[in-house]
Amino acid sequence: MWRTFMAEDGDRADFDVASIQDRWLPVWEALRPFRASESDDQRERMYVLDMFPYPSGDLHMGHAEAYALGDVVARYWVQRGRNVLHPIGWDAFGLPAENAAIKRGVDPAAWTYDNIAAQKASMKRYACAFDWTRTLNTCDPDYYKWNQWIFLKMFERGLAYRKASSVNWCPTDQTVLANEQVIQGLCERCDTPVTKKKLTQWYLRITDYAERLLDDMDQLESGWPEKVLSMQRNWIGKSTGANVDFVIEGREEPVTVYTTRPDTLFGATFFVVAADSDLAAELAAGSGAEEEFEQYLEQVKLTSEIDRLATDREKTGVFLNRYAVNPVNGERLPVWASDYVLADYGTGAIMAVPAHDQRDLDFAKAFGIPVRVVVASDEDPEQTGMATADDGPHVNSGPLDGLDKEAAIAAIIEILAERGTGEAAVNYRLRDWLISRQRYWGTPIPIIHCPSCGEVPVPEAELPVVLPPASGLDLQPKGSSPLGAAAAWSAVTCPSCGGGASRDPDTMDTFVDSSWYFLRYLDPANTDAPFSREDAEKWLPVDQYVGGVTHAILHLLYARFFTKVLHDLGMVSFTEPFTRLLNQGMVLMDGSAMSKSRGNLVKLSDELADHGVDAVRLTMVFAGPPEDDIDWSEVSAAGAKRFLARAWRLSRDVTSSPGADPAQGDLAVRQATHRTIAEAATAVERFRFNVAIAKVMELVNVLRKAIDSGVGPADPAVREGVEATAIILSLVAPYTAEDMWANLGHNPPVARAGWPEVIDDLVRQETVTCVVQIKGKVRARLEVPADVTQAELERLALADDTIARLVGEAPPRRVIVRAPKLVNVIPG
RNA sequence: GCGGGUGUGGCGGAAUUGGCAGACGCGCAGGAUUUAGGUUCCUGUGUCUUCGGACGUGAGAGUUCAAGUCUCUCCACCCGCACCA
């Protein structure tokens with residue numbers, strides 16, 4: 001009702017958000033201001049990329065923040081005259097589509113494409129500066145064909161392979177998970193405790209790239225947040241040490257263990273194999289300890305992953321009635337099986353040195369195994385219960401006695417190497433990437449299983465292997481892929497021998513889709529290749545990537561891996577895909593993440609209806625540094641709207657004509673304008689968008705005063721200032737800016753108006769305020785010429801009445817002069 | 001435990017190289033316009049104060065003419081990893 005009032009309330013209250021939005025949206029739709037030029041454009045290229053969304057519903061507050069931030073960067077560089085590529089697409093495969101299908105009986109494809117349509121409309125209304133001619137959906141056969149193609153290239157090179165292994169299994173989603181998708185023992189997606197299952201699955205050999213993934217981080221050092229780099233380093237988990245071979249009595253082959261402390265080899269008093277390893281079962285067989293071992297293994301299997309992760313758990317294990325022989329001194333070490341040794345790290349077996357490893361000590365104490373100190377220390381681990389990890393002279397270690405840690409490691413490696421029982425070794429925590437998923441809505445794995453030929457790649461000419469329609473398939477999770485039940489789809493003839501064969505029933509992890517999508521944007525309709533090498537060389541690597549820190553490991557590591565593989569395939573020349581990364585924070589409500597169950601969900605559509613697109617965007621950008629979280633309850637979209645109305649009113653008040661010569665205008669207003677332009681540019685380039693906004697707000701205040709009580713609305717400097725305001729605001733508040741631009745008598749789009757040129761003379765201050773301190777406390781201020789000399793400034797400062805009075809007669813002991821801004825007088 | 005980060009008014013946050021702490025906004029208070037106000041405009045707003053000033057950036061020390069900024073010690077909180085041998 002009050003809106004009706006406002007409309008009648010004369011020229012003050014005309015800032016009608018809804019009608020401004022309705023006016024400009026169709027105009028932009030026609031003008032397409034953000035199309036990246038395809039060829040022979042001489043402008044410098046720039047690739048600004050936002051992480052693409054999963055179409056799980058309409059856009060939410062998190063999207064609104066991320067896309068507002070990415071938009072500032074993209075729009076800024078467009079204004080600066082760059083040829084900016086700023087694309088968007090949809091990460092459209094994945095479980096939610098399938099779950100919706102199961103729950104509501106809709107086709108996953110229909111569900112997905114409906115959501116995409118809704119998000120696309122919302123994004124356009126949200127005025128995202130995307131190049132709408134380049135969108136992609138990963139669930140389109142045109143897209144996933146190239147997942148399959150890349151997979152086959154990897155298969156050819158041995159980078160994609162199948163193996164049987166104990167894998168992470170989500171009982172709820174009824175599918176396997178990559179290590180990266182298990183968070184604290186829970187399924188990343190549904191928080192169900194993850195269990196282990198022995199399955200034959202497809203893997204990508206990311207471990208082959210571990211060293212390069214680590215090394216190439218040097219290239220990212222200044223462009224990526226330190227946090228993300230450290231998380232990736234952590235995840236790759238490189239360690240150095242040695243492999244040592246231990247003979248097990250009664251076993252032909254020696255067992256290799258990996259250790260980071262080969263120098264403590266003389267302190268080994270027992271030997272442990274992972275309870276769930278094949279080796280443990282083998283050693284238990286015929287040892288007389290089978291029964292105990294079986295019982296123990298049962299118990300271990302029942303222990304959930306979460307319990308396993310509790311670090312303060314009691315050590316458990318079972319003696320296998322076997323002995324390993326220490327290669328350096330021939331000692332017999334009892335062999336135990338325990339779950340504190342992991343089957344899939346190192347070799348699944350360890351030498352245990354209780355004096356210098358806390359876990360081994362805990363175990364030794366629990367089972368009364370002797371502790372032998374081999375690195376001298378004041379503390380006795382057996383007494384204190386604390387293993388010592390400090391450096392120190394070695395003792396009880398034969399040839400290593402007296403050496404420090406570093407020397408001892410070098411010496412023992414040499415000794416082992418001479419005897420052929422060990423060598424220096426490097427280990428990684430990173431495991432190969434498990435990509436098989438027993439679900440429907442994903443990329444079919446393009447392999448045919450033939451009883452006589454084995455794994456046969458689908459011939460390239462037959463790609464894509466298209467998903468069969470969902471209708472008629474049982475998508476209910478049951479542990480095996482729904483595709484296997486699509487008999488007509490599954491049954492094929494072997495491309496190699498022509499015999500009966502079947503398709504691989506699994507689909508790929510959706511992280512495969514997002515590992516190279518940034519390349520597909522260059523040429524999303526290409527039918528000959530995933531992307532053109534020529535375009536890739538022109539546009540990539542991505543100059544600025546914007547997205548949430550939730551993908552710090554998963555997506556970013558996989559995308560880096562894919563880029564290196566594509567590099568090795570000769571398809572791209574660079575080795576890192578994203579030069580700079582900006583991780584935006586989250587949008588919270590009342591201190592915690594929004595969720596329906598918590599009852600603190602803020603609906604984006606409500607906020608947009610209440611305050612308008614521009615005010616919501618402005619609030620997101622002005623709230624603080626982009627990487628910080630925003631608590632929606634602590635910021636004010638109403639305040640943002642008020643500011644926009646204030647800025648917009650300026651454009652109504654200007655009475656000079658377009659093209660009026662600003663040189664004829666008021667100097668002070670011009671200076672304020674040009675300083676703002678310069679400061680806003682610096683702030684945007686440093687990602688201090690909130691500061692850029694603050695600067696525009698100051699300019700708006702100056703212009704308001706100039707109009708109301710200063711030079712008046714007809715001064716050309718006022719026009720210049722309001723035009724600059726519109727252009728700077730176009731980065732954040734495109735509707736308001738466009739309407740201001742029109743009010744000022746210009747044609748749309750303001751987004752392509754060009755960044756105003758800064759006149760240096762107007763930025764330079766001819767006089768500055770100099771503070772005069774006495775002993776570091778400000779006592780006076782002087783207006784001085786900006787180019788004042790040190791000597792002149794000192795004279796002026798000491799001549800100041802206040803200063804002269806406070807300093808007194810005696811000559812000052814010292815005067816520090818930093819012309820033109822500061823003088824500090826230390827009285828005698 | 002290991003690694004990364006953050007501590008500034010009632011709140012969100014500013015502050016190139018050490019050089020006026022608290023820009024800008026929110027909120028609050030007062031005033032003007034208004035029949036009215038979820039409008040607009042103006043003014044004030046770190047704390048204490050004997051109105052001269054004094055104190056003030058998590059705590060404590062140090063370097064310096066000068067420290068939010070540099071160094072050391074400590075505290076609190078957040079994030080990531082965590083039985084990885």
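What you see below is based on every heavy atom in this structure, not just the backbone, and it leaves out hydrogens, waters and symmetry mates. Chain identifiers are assigned alphabetically (A, B, ...) following the order of the sequence lines, protein sequences preceding nucleic acid strands; residue numbering begins at 1 within each chain.
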Mapping A:Glu634 and A:Gly346 onto RNA chain B by nearest heavy atom, which one lands closer to the 5' end? A:Glu634
Taken to the nearest whole Å, CD/A:Glu226 to C1'/B:rU6 is 15 Å
d(CG, A:Leu588; P, B:rC11) in whole Å: 17 Å
Nucleotide of B:rA85, B:rC24, B:rG19 approaching A:Ile816 most closely (side-chain heavy atoms): B:rG19
Which nucleotide in B:rA85, B:rG4, B:rG25 has an atom nearest any side-chain atom of A:Asn701: B:rG25
Please state whether the base of B:rC41 and the side chain of A:Arg704 form at least one donor-acceptor pair under 3.5 Å? no
Taking every non-hydrogen atom, the tightest pair across A:Leu265 and A:Asn326: O-ND2, 3.1 Å
Gap between atoms CG and P, on A:Asp629 and B:rC77 respectively (whole Å): 18 Å
Please determine, for the side chain of A:Asn824, which listed nucleotide (B:rC24, B:rA14, B:rA66) has the closest atom? B:rA66
What is the distance from NZ of A:Lys315 to P of B:rA85, rounded to the nearest Å? 14 Å
Could you please name the option among B:rU39, B:rC81, B:rG13 that lies closest to any side-chain atom of A:Trp235? B:rC81
Start with the C-alpha gap between A:Phe271 and A:Trp336, add the side-chain angles, then the distance that decides, and say whether ring pair (Phe, Tyr, Trp, His ring centres under 6.0 Å) holds. CA-CA 6 Å; A:Phe271 190 97; A:Trp336 290 71; over 10 Å; no
Tell me: CD of A:Glu794 to P of B:rG19, nearest whole Å? 21 Å
Sugar-phosphate, base or nothing in reach of A:Gln773, heavy atoms under 4.0 Å: base
Nucleotide nearest A:Arg814 (side chain, heavy atoms from C-beta), chosen from B:rA14, B:rA23, B:rC65: B:rC65
Contact nearer the 5' end of RNA chain B, comparing A:Phe643 with A:Tyr258: A:Phe643
Nearest to the side chain of A:Phe622 - B:rG12, B:rC65, B:rC41? B:rG12
For a side chain to side chain contact (heavy atoms under 4.5 Å, CB included) with A:Trp224, tell me which candidate from A:Leu582, A:Asn583, A:Leu581 qualifies. A:Leu581
